[in-house]
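The first residue of the sequence shown is numbered 1, and numbering continues consecutively from there. The structure presented is a predicted model; accordingly, all values stated were derived computationally and were not measured.
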Amino acid sequence: AYPRAHWPNLAVVLDLYSRIVVGWAMSAKPDADLVIKALDRAYEMRGRPQGVLFHSDQGSQYGSRSFRQRLWRFRMVQSMSRRGNCYDNAPMERLFRSLKTEWVPTVGYMTTALAEQDIGRYLMQRYNWTRPHQHNGFVPPAVAEEKLNSAVSYTHLRAHETRGNL
């Protein structure tokens, strides 16, 4: 390990349908600001959706007033795991396990900036676009989502065509 290896805290927002990473943030402290930054990225990346269910564990960051206010501002509904129910968080734990075992160097990172750059590359490129995911039939999350979106668009188009021909 580097004499002063950097191990910053990471917060990730995952779409549970396709398992695609839609937001993430890193910080020296695991506080509400960290999870708010990840939520903000996800909100923007998804086109400012409303009526979304945001599920998390019972970490103090997610129960903080500032985080709950941000959810309210984005018109999101909060859901939290029951105490001791580890299965609710399994998709997120699986993502972190993959990150640690497949990507993060065992010696750590020389700087926080290098950690952020490298981990961002893993999440947004490798995990989302390259790495096969069992949940999606061994297709990467972004590819699975593209297939779903094109199927929905086709169905929507067909509905318009049918309505126009009646």
Out of curiosity, L10 CG to L95 CG, how far, rounded to the nearest 0.5 Å? 8.0 Å
Rounded to the nearest 0.5 Å, what's the gap from OG on S56 to CG on L14? Could you check? 13.0 Å
On a heavy-atom basis, which atom in S18 and which in N136 lie closest, and how many Å separate them? O-ND2, 2.8 Å
Heavy atoms of A11 and V35 approach each other most closely as CB-CG1, 4.0 Å
Whether over 12 other heavy atoms sit under 6.0 Å from F96 CZ: yes
Rounding to 0.5 Å, atoms CD (E146) and CG (N149) come to a distance of 8.0 Å
Looking at every heavy atom in both F138 and P132, which two are closest together, and how far apart are they? O-CB, 3.4 Å
Residue pairs, two or more places apart or on separate chains, that pass salt bridge (Lys or Arg N to Asp or Glu O under 4.0 Å) and touch residues 100-113: E102-R126, E102-R131
Reported CE-to-CZ distance for the pair M124 and R41, which is rounded to 0.5 angstrom: 8.5 Å
For S98 and R94, which I'm curious about, is there any donor-acceptor pair between the side chains at under 3.5 Å? yes
Using a distance-only test with no angle check, is there a side-chain donor-acceptor pair under 3.5 angstrom linking Y109 and D118? yes
Sort and list the pairs that fulfil side chain to side chain donor-acceptor pair (under 3.5 Å) and have at least one residue in residues 42-52, not counting sequence neighbours. D15-R46, E44-R48, R46-E145
With sequence neighbours excluded, residues passing ring-ring contact (aromatic ring centres under 6.0 Å, His included) with Y127: H133
Approximate separation, where rounding is to 0.5 Å, of L123 CG and W103 CH2: 10.0 Å
